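Read the structure below first, then the notes.
We're numbering straight along the sequence, starting at 1. This one's a predicted model, so the numbers in the text were calculated from it and none came from an experiment. Keep in mind that the numbers below use all heavy atoms, side chains included, and drop hydrogens, waters and symmetry copies.
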Amino acid sequence: QVQLVESGGGSVQVGGSLRLSCEASGGLNNGCMGWFRQAPGKEREGVAAIGIGSGYTYYADSVKGRFTISQDNAKNTVYLQMSSLKPEDTAVYYCAAVRWCYGGNWLFRSQNYNYWGQGTQVTVSS
């Protein structure tokens, strides 16, 4: 059973940066991992994803050029580096994983992921 543990959330001012981490255990050697976020009263939104084997990265238009997803396979950890943060980036951020995956918009549909972390709050204030 794959378990995901996120860390790194917090409060930051507009224009600031944060790095989220997601450590995976349980033998996730292939597939994809993604970062989603959910603001109060809104649906969960996919923001970035990465192919564990290929290293290919995918971004939602809303974060492209500001967020970077990366992985450290030796540490079984995926990161989300967030820069130039805006108030609309405020949300609970979730790490997710799936053992078999496709590319493109498939990766931004939360129902395609089997495993989820507990979430970490990111608050951007002006």
Assess the residue pair D61 and K64 against the criterion (salt bridge (Lys or Arg N to Asp or Glu O under 4.0 Å)); give the C-alpha distance rounded to whole Å, side-chain angles, the decisive distance to 0.1 Å, and a yes or no. CA-CA 5 Å; D61 289 342; K64 203 170 291 184; 3.1 Å; yes
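Using modelled atom types, one side-chain atom of Y59 and one backbone atom of I69 make a donor-acceptor pair closer than 3.5 Å. When atom types are taken as modelled, the side chain of Q71 and the backbone of I52 share a donor-acceptor pair closer than 3.5 angstrom. At distances below 3.5 Å, at least one donor-acceptor pair connects side-chain atoms of Q118 with backbone N or O atoms of E6. Judged by distance alone, the side chain of S83 and the main-chain N or O of S17 form no donor-acceptor pair under 3.5 Å.
Hydrophobic clustering (side-chain heavy atoms under 4.5 Å, transitive across Ile, Leu, Val, Met, Phe, Trp, Tyr) keeps W116 apart from Y79. Connection of F108 to V78 is not established within any shared hydrophobic cluster, with ILVMFWY side chains joined at heavy-atom distances below 4.5 Å, either directly or through further cluster members. The cluster map of Ile, Leu, Val, Met, Phe, Trp and Tyr, joined by side-chain heavy atoms under 4.5 Å apart, puts M33 and Y115 in the same cluster. Grouping the Ile, Leu, Val, Met, Phe, Trp and Tyr side chains by contacts below 4.5 angstrom, directly or via other members, places Y94 apart from V5. Taking hydrophobic clusters as Ile, Leu, Val, Met, Phe, Trp and Tyr residues chained together by side-chain heavy-atom distances below 4.5 Å, V122 does not share a cluster with V92.
Scanning all heavy atoms of the two residues, the minimum distance from A39 to A91 falls at N-CB, 3.8 Å. Residues L107 and A49 share a closest heavy-atom pair of CB-CB, 3.9 Å. For S126 against V14, the heavy-atom pair with the smallest separation is CA-CG2, 3.6 Å. Pairing each heavy atom of L4 with each of A24, the nearest pair is CD2-CB, 3.6 Å. S84 and D89 make their closest contact through O-OD2, 4.4 Å (heavy atoms, listed as atom of the first residue, atom of the second, distance). Between C101 and G31 the shortest heavy-atom distance is SG-C, 3.4 Å.
Taken to the nearest 0.5 Å, the CD atom of E45 stands 11.0 Å off from the OG atom of S110. Distance CG/L18 to CD/Q81: 8.0 Å, rounded to 0.5 Å. One distance of note links CG of L80 with OG1 of T120; it measures 11.0 Å at 0.5 Å rounding. In this structure, CZ on R37 lies 4.5 Å from OG on S62, to the nearest 0.5 angstrom. M82 contributes atom CE, which lies 11.5 Å from atom CZ of R19 (distance to the nearest 0.5 angstrom). A distance of 11.0 Å separates OG in S11 from CG in L85, rounded to the nearest 0.5 Å.
Sequence neighbours left out, not one pair with a member in residues 27-36 passes side-chain hydrogen bond (donor to acceptor under 3.5 Å, both in side chains).
Summarising the local packing, CD of Q121 is surrounded by more than 12 heavy atoms from other residues, nucleotides or ligands at distances under 6.0 Å. Enclosure of atom CD in Q3 is not indicated, since only 12 or fewer non-hydrogen atoms of other residues, nucleotides or ligands lie within 6.0 angstrom. The 12-atom threshold is not exceeded at CD of E43, counting heavy atoms of other residues, nucleotides or ligands nearer than 6.0 Å.
Using a 30° and 60° split on the angle between ring planes, Y113 and F36 fall in the perpendicular class, above 60°. Ring geometry for Y93 against F67 counts as tilted: the plane angle lies between 30° and 60°, on a 0 to 90° scale.
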